[in-house]
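Since the structure is predicted, the reported quantities are computational estimates derived from the model, not experimental observations. FYI, the numbering just counts along the sequence from 1. The figures that follow rest on heavy atoms only: side chains count, while hydrogens, waters and symmetry mates do not.
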Amino acid sequence: MTSTPRDIVFVCQKNGGKSQMAAALMRSIAGPRVHVTSAGTKPGAALNQQSVDSLAEIGVSVGDEHPKQLTPEMIDAADLIVVLGAEARVPATAGVELETWITDEPSERGIEGMERMRLVRDDIRARVSDLLTRL
């Protein structure tokens with residue numbers, strides 16, 4: 001990994017769950033080596049409380065984060081944009097890498113509530129760890 005911090009933006013549609021989880025997890029393992037932002041293409045009104053609670057179970061906090069709109073400035077400042085899920089659409093931008101993560105969706109298997117959220121969290125945590133090793 002280079003000594004210059006990378007700028008990563010995690011994006012999902014509502015910016016209330018998966019992108020917030022990915023950002024919090026990356027902050028917790030990468031520290032100052034990576035500048036992390038999260039945003040949504042159609043942000044919701046609040047964070048998903050089960051997402052927040054599932055992170056707290058493993059000692060990770062989202063801090064004072066809240067859903068926010070993805071802006072052209074965020075895109076231009078990014079080295080890498082990671083889109084979580086198939087709903088959010090981010091335009092390709094010259095000089096900015098773009099990855100899409102189709103994360104596990106336990107609800108498709110009838111798994112709901114905190115059990116679902118823990119599985120989602122663990123899938124995202126593994127992807128974030130992998131991403132950090134690739135930087």
Spacing of [X] atom [atom1] and [Y] atom [atom2] [to the nearest 0.5 Å]:
X    : Y    : atom1 : atom2 : value
L80  : E99  : CG    : CD    : 5.5 Å
M117 : D122 : CE    : CG    : 11.5 Å
K42  : R89  : NZ    : CZ    : 10.0 Å
K14  : S19  : NZ    : OG    : 12.0 Å
E115 : Q50  : CD    : CD    : 11.5 Å
I124 : S51  : CD1   : OG    : 7.5 Å

If you take all heavy atoms of [X] and [Y], which pair is closest and at what distance?
X    : Y    : answer
P67  : P43  : CB-CB, 4.1 Å
L119 : P106 : CB-CG, 3.6 Å
A24  : L55  : CB-CD1, 3.9 Å
M26  : L131 : CE-CD2, 3.7 Å
F10  : A22  : CD2-CB, 3.5 Å
L132 : A30  : CD1-CB, 3.8 Å

[X] and [Y] ion-paired at < 4.0 Å:
X    : Y    : result
E65  : R27  : yes
E87  : K18  : no
D130 : R127 : no

Taking C-beta and beyond as the side chain, do N15 and Q20 meet within less than 4.5 Å on heavy atoms?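 Yes, at least one pair of side-chain atoms sits under 4.5 Å.
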So, do R125 and I58 sit near enough that their side-chain heavy atoms are less than 4.5 Å apart?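 Yes. Closest side-chain heavy atoms under 4.5 Å.
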Start with the C-alpha gap between R121 and V60, add the side-chain angles, then the distance that decides, and say whether side chain to side chain contact (heavy atoms under 4.5 Å, CB included) holds. CA-CA 11 Å; R121 175 201 65 206; V60 175; over 6 Å; no
Check which hydrophobic residues are tied to L98 through side-chain heavy-atom contacts below 4.5 Å, counting indirect links as well, and list them.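 Answer for L98: V9, V11, L70, M74, I75, I81, V83, V90, V96.
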Given 3.5 Å as the limit, does a donor-acceptor pair link the side chain of [X] with the main chain of [Y], or not?
X    : Y    : result
E105 : S107 : yes
D79  : D7   : yes
D123 : D104 : yes

How about NZ on K68, more than 12 heavy atoms from neighbouring residues, nucleotides or ligands closer than 6.0 Å, or not?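 Yes, enclosed.
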